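Please read these numbers as outputs of a predicted model, since none were measured by experiment. Every chain is numbered from 1, with letters handed out A, B, ... down the list of sequences.
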Protein chains: 2
Amino acid sequence: MDETMVAQVRRFNRVVTQQAGVLNDRYLARDRPVGESRLLWEIGDGRDVRSLRTELDLDSGYVSRLLRSLEAAGLVTTERSAADRRVTLARLTEAGRAERDLLDERSNALAAELLQTLPDRQRERLVAAMADVERLLTAAIVRFAVTDPDDPVAQHCLRAYAAELDARFDGGFSLDRGIRADPADLRLPNGLLLIAMLHATPVGCGVLLFHGAEPAHLKRMWVAEPARGLGLGRRLLAELERRAAEQHAPAVRLETNAALTEAIALYRSAGYTEVPAFNDEPYAHHWFEKSLLRQ
Amino acid sequence: MDETMVAQVRRFNRVVTQQAGVLNDRYLARDRPVGESRLLWEIGDGRDVRSLRTELDLDSGYVSRLLRSLEAAGLVTTERSAADRRVTLARLTEAGRAERDLLDERSNALAAELLQTLPDRQRERLVAAMADVERLLTAAIVRFAVTDPDDPVAQHCLRAYAAELDARFDGGFSLDRGIRADPADLRLPNGLLLIAMLHATPVGCGVLLFHGAEPAHLKRMWVAEPARGLGLGRRLLAELERRAAEQHAPAVRLETNAALTEAIALYRSAGYTEVPAFNDEPYAHHWFEKSLLRQ
DNA sequence: TCCATTCTCTGACTCTAGTCAGATGATTCG
DNA sequence: CGAATCATCTGACTAGAGTCAGAGAATGGA
């Protein structure tokens, strides 16, 4: 790793965290502990406490106390869920919504103030650079993990994949039609399911099926809508190829539908060449292959 | 202020502070409170505790306790200053230096790890965008303040200005030669001294002398070496012009030395036009003027 | 010289942000 | 139906990060 790049990252960190007062919303909640403000924000238009707890990764006792404090301040009401009387539902009161909107406004004012000090050209550059950092930093923390097909996260990805294709294909799409895959085929050594995670949310997946000395078959490649434009598809493809090579596959091949133009462009630019149909997948219009053997 | 810009700043804040674990050095000090690590870092190669206290803006009792804890851990030694036996000097021990270097290495490793996940092109874009954000964020928090010429900060700026010119002019420079200014001339309504501050450090200055209905005379404009390239000179000039207009000066004029090529370029691009010599300042080669009257 | 000021230290607090071990009631599974 | 599991609450702790009010030495200025 280039030393000057590392030094730049550290300089960035220093400046950004020193400006914490300027950048960070935290200090806006002057009159209230940060934890409470955060909860206020996350409750939004009403939520069950269980999901709050798991998502913010907080101790249940701690959340309970925070909620009671917010309740005492008249910002939140809680009630037991009708469906499951163990779970608590939290809802903002009128005052709670007002308080949240106030935090929101202050946060906007702070950001506006920061920008206002700069002349137009510099302001535009700053905003553009922030957008870049935000995008690329998000991309940088995506992690790839081989996941069991029975894992709920895996199920979610495959359903999202199917929903996406169903929306985009003429005549829709169903996982049940076409060539199907048994969960056992998505486990090593038969195959694998690779998932891209952004913190705790899945943002992409891809499947490899191995056939001994034959080329590995790539399927079910999907990138979540909000995570597109981060170069995630390319990285996912590269990660899948790396794992195919690890399993000694001589090549990767795949079929795709004409509607998936970005995917086709990605395959071409990643070194895939179009080949004659190697199966009779009904949804496919194009078949591609890339050798993993070093020339 | 454009709403989408404000929204971008807030999105940036959210992503950057959520990645706090990735970006922030804080969590590297797993085995030690953050305050102690910070002190360890700031002591560097030995410092007096007084300056640590004022610079980090910490309570004296708090610093005292932190230092004793570091001393107990064998990372720091303290002794009384020979010059003033009230002040304490803190110095890192061998172990303290090793600990500091360890923190440094971990911080580098963390930054490198972040970059490593990205493919080359994205990595370069991220680093470039971070450099932009860092520069522009720094520029955005510079504040301008009219300051009394007897203030130590003012003295520092004027000395730095003189030192800079002394280094750059053929034959050097001295505030005592040429046209001099009495401190009283740098106070309203005779004139003013404007200082640009980055947190607690002065990073630029400029002087205006008012002459009733005659043009205001701009002098002593200086930008600190490490703060250059942030567009600070241009902003300083604009702030000075704004204040000259406030005092009803019809124009601003100034003289400058041929060695100061960036300054001359700045004046020209800010709308100043070269005029015949209006004084006999011995260091000057060029005289400029800009009208403040709206056409 | 003496009095005010400066620098540091000590002891006694506070507040935030948690963690941990049960207790209690609701629900689900065999 | 009974046992296990789940969601929440309560009480008892802890650690970090400070704040505040003096006390005591050293120093500087009248």
Side-chain angles (χ1 to χ4, degrees), chain A residues 17-18 20-21 24-43 46-73 76-91 152, chain B residues 17-18 20-21 24-43 46-73 75-91 103 152:
Chain A
T17 55
Q18 262 180 18
N24 206 330
D25 293 345
R26 296 190 157 227
Y27 101 110
L28 290 176
R30 280 181 299 243
D31 37 357
R32 197 182 311 290
V34 183
E36 289 182 20
S37 296
R38 189 156 63 128
L39 217 51
L40 200 61
W41 188 262
E42 294 289 341
I43 288 170
R47 278 184 73 168
D48 62 306
V49 175
R50 178 179 43 182
S51 73
L52 275 174
R53 240 193 9 243
T54 55
E55 201 166 293
L56 301 180
D57 193 30
L58 296 174
D59 177 83
S60 69
Y62 187 34
V63 171
S64 171
R65 244 175 291 267
L66 288 175
L67 276 177
R68 243 168 312 120
S69 158
L70 286 171
E71 230 171 344
V76 161
T77 55
T78 60
E79 52 176 323
R80 287 307 170 104
S81 158
D84 181 343
R85 304 191 52 75
R86 289 171 304 179
V87 318
T88 305
L89 300 176
R91 195 181 308 278
Chain B
T17 54
Q18 262 179 19
N24 205 327
D25 294 345
R26 296 190 157 228
Y27 101 110
L28 290 175
R30 280 181 298 244
D31 37 356
R32 197 182 310 290
V34 183
E36 290 183 20
S37 296
R38 189 154 64 127
L39 217 51
L40 200 62
W41 187 263
E42 293 288 341
I43 288 171
R47 279 185 74 169
D48 62 306
V49 175
R50 179 180 43 182
S51 73
L52 275 174
R53 240 193 9 242
T54 55
E55 200 165 297
L56 301 180
D57 193 30
L58 296 174
D59 177 83
S60 68
Y62 188 34
V63 170
S64 171
R65 244 175 291 268
L66 288 175
L67 276 177
R68 242 167 312 120
S69 159
L70 286 171
E71 231 172 343
L75 301 175
V76 161
T77 56
T78 60
E79 52 176 322
R80 288 307 172 102
S81 158
D84 182 341
R85 303 192 53 72
R86 290 171 305 180
V87 319
T88 304
L89 300 176
R91 195 183 305 281
L103 288 177

What residues in residues 56-63 of chain B put a non-hydrogen atom under 4.0 Å from any atom of DNA chain C?
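Of all residues in residues 56-63 of chain B, the ones placing a heavy atom under 4.0 Å from DNA chain C are B:S60, B:G61.
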
Starting from [atom2] on [N], measure out to [atom1] on [X] and report it in whole angstrom.
X     : N      : atom1 : atom2 : answer
A:R50 : C:dT27 : CZ    : P     : 12 Å
A:D48 : D:dA7  : CG    : C1'   : 10 Å
B:R65 : D:dA17 : CZ    : P     : 14 Å
A:R80 : D:dC6  : CZ    : C1'   : 11 Å
A:E79 : C:dG25 : CD    : P     : 21 Å
B:L67 : C:dC7  : CG    : P     : 16 Å
A:L70 : C:dA17 : CG    : P     : 12 Å
A:R38 : C:dT16 : CZ    : P     : 15 Å

Taking only the side-chain nitrogens and oxygens of B:R53, find out if one of them lies under 4.0 Å from OP1 or OP2 of C:dT8.
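Yes, B:R53 has a side-chain N/O under 4.0 Å of OP1/OP2 on C:dT8.
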
Are any of B:R68's side-chain N or O atoms less than 4.0 Å away from OP1 or OP2 of C:dT10?
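It does, given that an N or O in the side chain of B:R68 lies less than 4.0 Å from OP1 or OP2 of C:dT10.
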
What's the angle between the local helix axes at either end of the helix from C:dT1-D:dA30 to C:dG30-D:dC1, using five pairs per end and rounding to 10 degrees?
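Terminal axis comparison yields 10°.
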
Under 4.5 Å between any side-chain heavy atoms of A:T88 and A:R80, yes or no?
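Heavy-atom side-chain distance check passes, below 4.5 Å.
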
Does any part of the side chain of B:R50, heavy atoms only, come nearer than 4.5 Å to the side chain of B:R86, both counted from C-beta?
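Not in contact.
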
Can you measure from [atom1] ([X]) to [atom2] ([Y]) and round to the nearest 0.5 angstrom?
X     : Y     : atom1 : atom2 : value
B:E55 : B:D57 : CD    : CG    : 10.5 Å
A:R38 : A:L52 : CZ    : CG    : 10.5 Å
B:R53 : B:L67 : CZ    : CG    : 10.5 Å
B:D48 : B:D84 : CG    : CG    : 9.5 Å
B:L70 : B:T77 : CG    : OG1   : 11.0 Å
A:R65 : A:L58 : CZ    : CG    : 12.5 Å

Ignoring hydrogens, what is the shortest heavy-atom contact between [X] and [Y]? Give both atom names and the distance.
X     : Y     : result
B:A90 : B:I43 : O-CG2, 3.7 Å
A:E42 : A:R47 : O-CD, 3.1 Å
A:E71 : A:V76 : CG-O, 3.1 Å

On DNA chain C, compare the nucleotides closest to A:G35 and B:V49; which residue's is nearer the 5' end?
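On the 5' side of the pair lies B:V49.
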
Report all interatomic pairs (protein N or O, nucleotide N or O of nucleotides 27-30 of chain D) with separations under 3.5 Å.
from: D:dT27; atom 1: OP1; to: B:R85; atom 2: N; distance (Å): 2.7

Testing the 3.5 Å rule here: is there a donor-acceptor pair between the side chains of A:R68 and A:S64?
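There is such a pair (donor and acceptor under 3.5 Å, judged by atom type) between the side chains of A:R68 and A:S64.
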
Please tell me which of the listed nucleotides, C:dT16, D:dC9, C:dC9, lies nearest to the side chain of B:T88?
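Nearest to the side chain of B:T88 among the choices is C:dC9.
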
